[in-house]
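These notes are about the structure you will find just below.
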Amino acid sequence: MYGELSLVMRTLVLGVDLCGRVSGANMTLMQEVWATKIRTFFEKGSFGALKVSPDLNYTRVVVDHVAIPCSGTTSDGIRWGVTNQPNFATLKGWAEAADTAAKARGIPVQTYTQRIYLMPDSIGTNSWGTINCPLGAAVVRVWTGMVSGINDSLRLLVHEMGHNLGLKHSQGYDESGRLLEYGDGSCPMGAVPVPTHYNAAQSVWLGWTTPQAVLSAEDLPMGMWTVFAIRGLADSPFSSLQILPGTWMSEGWGLRDNLYVSFRRYSPTNADAGLVDLFQNKIQIHMHPRARDGCESPVLLVNLDAPPSTNAAAAASGGDSAGPATSGDSGGNRSSVWPRPGSELPQDKASPLLVVRVLGIDADMGIARVALCRAAQFGPESGAQCTDGLDNDCDGQVDNC
Ligand SMILES: *[C@@H]1O[C@H](CO)[C@@H](O)[C@H](O)[C@H]1NC(C)=O
Ligand SMILES: *[C@@H]1O[C@H](CO)[C@@H](O)[C@H](O)[C@H]1NC(C)=O
Ligand SMILES: *[C@@H]1O[C@H](CO)[C@@H](O)[C@H](O)[C@H]1NC(C)=O
Ligand SMILES: *[C@@H]1O[C@H](CO)[C@@H](O)[C@H](O)[C@H]1NC(C)=O
Ligand SMILES: [Zn+2]
């Protein structure tokens, strides 16, 4: 799915002193961070599809900072200077000046398609990254300003490097139904304190994981429940369900728009070790529009739990009697079914006449079981539906009139 340039990253990392202001970046420490945490993040997360080679031709973290002047002109003829509110031209000017300084030192800058500039604190606390979408072979860049520690560095770097791989922000809703640009707290492209795996939608888009199943209308017969067992997103290169609502919805969903059901199994040793409590061992549903160039933000719609009565043993036993049931959704905001019954929030109204019900989550076994039902309508069953032997409204009861 990604361009050739991304199979092995070719990354140059420079500490940049601007106008006599020294970058706080400790490049010796950065070398260690790249060789360990950054390398692990990308190689583990991509299940080896994306390599971060320690060879200097591929990863070059330059120990001595480069120094650039207080002002200059970009290759497009735009003046740049020192500011804590840089626009694109200013960022480009800093980058070009840093490239020139590195070249003067004999570093073959042009062979590195990804260039990272660790700037002095005086440019502020922000970071920026080239959004490489639609994916192209052009040089991509990351700039970071004030960074207070390794966790913050990592957090910013995997976010901006995600942009370099073509990712947009991972959005999500708050509890009152407001869409937030960084609203997915389980994805570095949203807002995470410590890197986690990129969410299922991003991960499939990157080609890091392949869906266990791609489901169209014909795979989800109307009024019937189909059970799936899902692996953890950070456990296997094959995980999550990719659903194509455009194959049955006449409006609102294009044929390339996706819905993902994924299992965020927490383990201190997988790439989801950074998940905060709220997202550990949940079933997630993301919506990912794929209009035109495919460069769209995925949206986290819900995090689901196992029903309170289900324990891990029941989930693992695989008994189909565990099938859909209407009761058991209680306990504050915890829910095991989406859309949440009665909810008027946009994250629930987004359902394309599809109900997802968690049957069980077995974190130890690394398997979660969910049941999917495609509804004729969300209102009560009536008329011929009362005797057709189907659960037309997917409320868990057949012929419930
Ligand atoms: C930079 O990091 C290295 C490696 O962690 C450490 O030994 C060194 O003391 C640090 N230098 C400064 C100036 O903090
Ligand atoms: C790195 O690049 C140099 C110069 O082009 C080349 O001689 C060397 O073989 C390369 N190393 C690897 C491992 O590709
Ligand atoms: C940094 O992240 C690690 C987990 O990766 C955590 O154990 C540690 O407490 C964090 N440090 C700070 C200063 O937040
Ligand atoms: C539950 O949702 C309500 C609003 O619907 C919100 O005010 C509250 O903070 C939520 N509680 C938790 C624990 O998330
Ligand atoms: Zn961003």
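In each ligand, atom 1 is the first atom listed, and ligand 1 is the first ligand listed. Bear in mind the structure is a predicted one, so any value in this text is a computation, not a measurement.
We find that Glu296 and Arg290 are not joined by a salt bridge, their nearest charged nitrogen and carboxylate oxygen being 4.0 Å or further apart. Of the charged side-chain nitrogens involved, none lies within less than 4.0 Å of a carboxylate oxygen, so that Lys282 and Asp277 do not count as a salt-bridged pair.
The Zn ion (ligand 5) sits nearest to atom NE2 when only the N, O or S atoms of His163 are considered.
Annotation for Arg178: atom CZ does not count as buried by contact number, only 12 or fewer foreign heavy atoms lying within 6.0 Å. Within 6.0 Å of CD in Gln110 there are more than 12 heavy atoms belonging to other residues, nucleotides or ligands.
Contact between Gln347 and Gly177 at its shortest, heavy atoms only, is OE1-CA, 3.5 Å. Counting all heavy atoms, side chain and backbone alike, Pro341 lies closest to Val337 at CD-CG1, 3.6 Å.
Sorted by chain and number, the residues within 4.0 Å of ligand 3 by heavy atom are Asn151, Val194.
Expressed to the nearest 10°, the angle at the Zn ion (ligand 5) joining NE2 in His169 with NE2 in His159 is 100°.
Here the SG atom belonging to Cys133 is positioned 8.5 Å from the CG atom belonging to Leu167, to the nearest 0.5 angstrom.
Near Asn57, meaning under 4.0 Å from any of its heavy atoms, are these atoms of ligand 2: 1 (C), 2 (O), 3 (C), 8 (C), 10 (C), 11 (N), 12 (C), 14 (O).
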